[in-house]
Amino acid sequence: MTAKRLIINADDLGADEGRNAGIFEAIQAGMVTSVSILPNGPGLRDAIERIRSSAFGRISWGIHLNLSEGRPVSTKPSPLLCPEGTFLGKPASQRLLMTQGDPLLEDEIGREIDAQITLLKTSGLSLSHIDGHQHIHVFPAVLKAMIRAALKHEIPWVRIPEEPISDFGEDPLSPSALEEARFFSQLGQAARPFILASGLHVPDHFYGLYLKNRPSLQRVESFLETLPDGLTEWMVHPGRRIKDPPQTPFSGFSTQDREEELKILLDGHLRLILKRKEIFLTPFPEILS
């Protein structure tokens, strides 16, 4: 029988020092095996310094592409930006990134993606995987540029946020959250054949859309009880809250939900579930030529 292998990937490293602290706490506990780094996050310098100053086990580091919030890494004026020089914000950015067949827009997207990847690589990081803040990497205007950049920079793995509709116990998702999860999953499904045709690698399964912002050990246990065979990526968002955080586009990330997700990851009962179900934790695997 095929083994159940699980990547627990923490998103948004670099968002702020509280998020960083929680993610590294989960890494040190052995309950986060992979991390996606926000290249324009206010806490990026702190994140890089922590990575450089600590000896971690097998952890895969990846890039969390961002085209919707905060300031760009590239400084050239772009249709991706508002007059103040920041990204347009989630709703406006998503509308723009749903555009198809606009080569000028795709060129600007490609330039910013390349700048974000180059920033992390020049920090000395070896990147194993690529995904997107609010899953922008699978939006129609972004997909081709993302694939080109992954191939150019030899980033072998790509997240596909395609997930079967799931409830995982009590307290179902709100209609708006359910609609968003379905929307991202549909984009991931549409992107899959293009990503696979490029020769890039993807995990067999993905989970996290229907668990996001609903931290509950019961839901996590329900999810793990039905975990399929093969390689699964589980997207998580642990962190520590900051008292009186500085106001940035990412200030809203430091919520009690981040603390609750971290608490679940550190709960000894979760370790017992993984052991009982014979689920093996892993980072993104190395690709052998």
Side-chain angles (χ1 to χ4, degrees), residues 7-15 19 34-41 60 62-70 72 80 87-100 105-106 109-110 112-113 116-117 127-150 155 157-166 173-174 176-196 198 200-214 232-238 249-250 252-253 257 261 284:
I7 302 163
I8 304 182
N9 189 91
D11 283 5
D12 300 323
L13 185 71
R19 177 63 67 88
S34 183
V35 176
S36 295
I37 303 170
L38 194 64
N40 70 334
S60 49
I63 184 166
H64 199 52
L65 296 174
N66 185 5
L67 300 174
S68 60
E69 294 179 316
L80 296 167
F87 289 122
L88 300 172
K90 182 177 178 179
S93 292
Q94 289 187 350
R95 288 192 295 270
L96 178 64
L97 299 178
M98 286 299 292
T99 303
Q100 300 188 55
L105 174 62
E106 291 179 8
I109 289 170
E112 176 62 22
I113 288 175
Q116 292 187 13
I117 294 173
L127 302 177
S128 68
H129 63 279
I130 188 167
D131 53 51
H133 182 51
Q134 297 155 358
H135 308 290
I136 54 90
H137 68 297
V138 291
F139 276 62
V142 184
L143 181 60
K144 291 180 182 178
M146 180 276 294
I147 290 173
R148 286 195 298 268
I155 303 174
W157 290 92
V158 178
R159 170 186 293 170
I160 297 183
E162 180 185 1
E163 180 179 354
I165 297 175
S166 306
L173 278 171
S174 68
S176 61
L178 182 61
E179 180 182 0
E180 181 178 77
R182 287 174 171 169
F183 172 64
F184 289 142
S185 190
Q186 288 166 356
L187 287 175
Q189 183 181 36
R192 181 182 294 274
F194 297 96
I195 294 171
L196 292 177
S198 73
L200 295 169
H201 299 265
V202 303
D204 301 310
H205 316 285
F206 172 84
Y207 288 88
L209 295 178
Y210 295 95
L211 288 166
K212 186 181 176 184
N213 295 332
R214 295 197 302 161
T232 299
E233 180 188 2
W234 173 22
M235 174 185 70
V236 297
H237 299 83
F250 309 101
F253 288 14
D257 284 344
E261 285 204 38
F284 279 89

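Values below: every heavy atom of this structure, side chains too, minus hydrogens, waters and symmetry copies.
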Do we see a donor-acceptor contact under 3.5 Å between the side chains of Glu69 and Gln134? yes

Considering all heavy atoms, the nearest Leu187-Phe139 contact: CD1-CE1, 3.5 Å

Show your reasoning for whether side-chain contact (heavy atoms from CB on, under 4.5 Å) applies to Asn66 and Ile136. CA-CA 7 Å; Asn66 185 5; Ile136 54 90; 5.9 Å; no

Contact between Met235 and Tyr207 at the side-chain level, heavy atoms closer than 4.5 Å - yes or no? no

Under the ring-ring contact (aromatic ring centres under 6.0 Å, His included) test, which residues partner His135, sequence neighbours left out? Phe184

Please find the pair of heavy atoms, one from Ala145 and one from Gly110, that lie closest to each other, and give the distance. CB-CA, 3.8 Å

Quick test of your reading: applying salt bridge (Lys or Arg N to Asp or Glu O under 4.0 Å), list the pairs with at least one residue in residues 177-189, sequence neighbours left out, ordered by first then second residue. Lys90-Glu180

Taking every heavy atom of Arg192 against every heavy atom of Val202, the minimum-distance pair comes out as NH1-CG2, 3.9 Å

Under 3.5 Å donor-acceptor, Glu106 side chain and Ala141 backbone: no

Applying side-chain contact (heavy atoms from CB on, under 4.5 Å), name anything that partners Ala190, two or more places apart in sequence or on another chain. none

side-chain contact (heavy atoms from CB on, under 4.5 Å) between His201 and Val158: does it pass, once the steps are laid out? CA-CA 6 Å; His201 299 265; Val158 178; over 6 Å; no

Could you tell me whether the side chain of Val142 reaches within less than 4.5 Å of the side chain of Leu67, counting heavy atoms only? yes

Any residue meeting ring-ring contact (aromatic ring centres under 6.0 Å, His included) with His205, in chain and number order, not counting sequence neighbours: none

Side-chain contact test, heavy atoms from C-beta onward, threshold under 4.5 Å: evaluate it for Arg19 versus Leu13 and give yes or no. no

Heavy atoms only: give me the nearest Ile117-Ile130 pair and the separation to one decimal. CD1-CD1, 4.2 Å

Do Leu96 and Leu88 have side chains that approach each other closer than 4.5 Å (heavy atoms only, starting at C-beta)? yes

Check: Ser36/Asp12 side-chain N/O donor and acceptor closer than 3.5 Å: no

Hydrogens and angles aside, do His64 and Asp131 bring a side-chain donor and acceptor to less than 3.5 Å of each other? yes

In terms of heavy-atom contacts, Ser93 and Ser68 come closest through OG-CA, 3.4 Å

dist Ile155:CD1 -> Leu127:CG (nearest 0.5 Å) comes out at 5.0 Å

Sequence neighbours excluded, the answer for salt bridge (Lys or Arg N to Asp or Glu O under 4.0 Å) partners of Lys144 is none

Counting N and O atoms only, with roles assigned by atom type, does the side chain of Arg159 sit under 3.5 Å from a partner on the main chain of Gly132, one being a donor and the other an acceptor? no

Member of Val236, Asn9, Ile8 meeting the side chain to side chain contact (heavy atoms under 4.5 Å, CB included) criterion with Ser34: Asn9

Would you call the rings of Trp157 and Phe284 parallel, tilted or perpendicular if under 30° counts as parallel and over 60° as perpendicular? tilted

Nearest 0.5 Å, please: how far is CD1 in Ile160 from CD1 in Ile195? 4.0 Å

Heavy-atom side-chain contact between Leu80 and Ile109 under 4.5 Å: yes

Does Glu163 reach the main-chain N or O of Leu209 with its side chain, forming a donor-acceptor pair under 3.5 Å? yes

For Glu162 and Ser185, which heavy atoms make the closest approach, and how far apart are they? CA-OG, 3.5 Å

Do His133 and Asp11 meet the criterion of a side-chain donor-acceptor pair at a distance under 3.5 Å? no

Is the shortest heavy-atom distance from the side chain of Met146 to the side chain of Leu143 under 4.5 Å? yes

Hits for ring-ring contact (aromatic ring centres under 6.0 Å, His included) against Phe194, two or more places apart or cross-chain, chain-then-number order -> none

State the CG-CD1 distance between Leu196 and Ile147, to the nearest 0.5 angstrom. 9.0 Å

If only atom types and distance count, is the side chain of His129 paired as donor or acceptor with the main-chain N or O of Val35 below 3.5 Å? yes

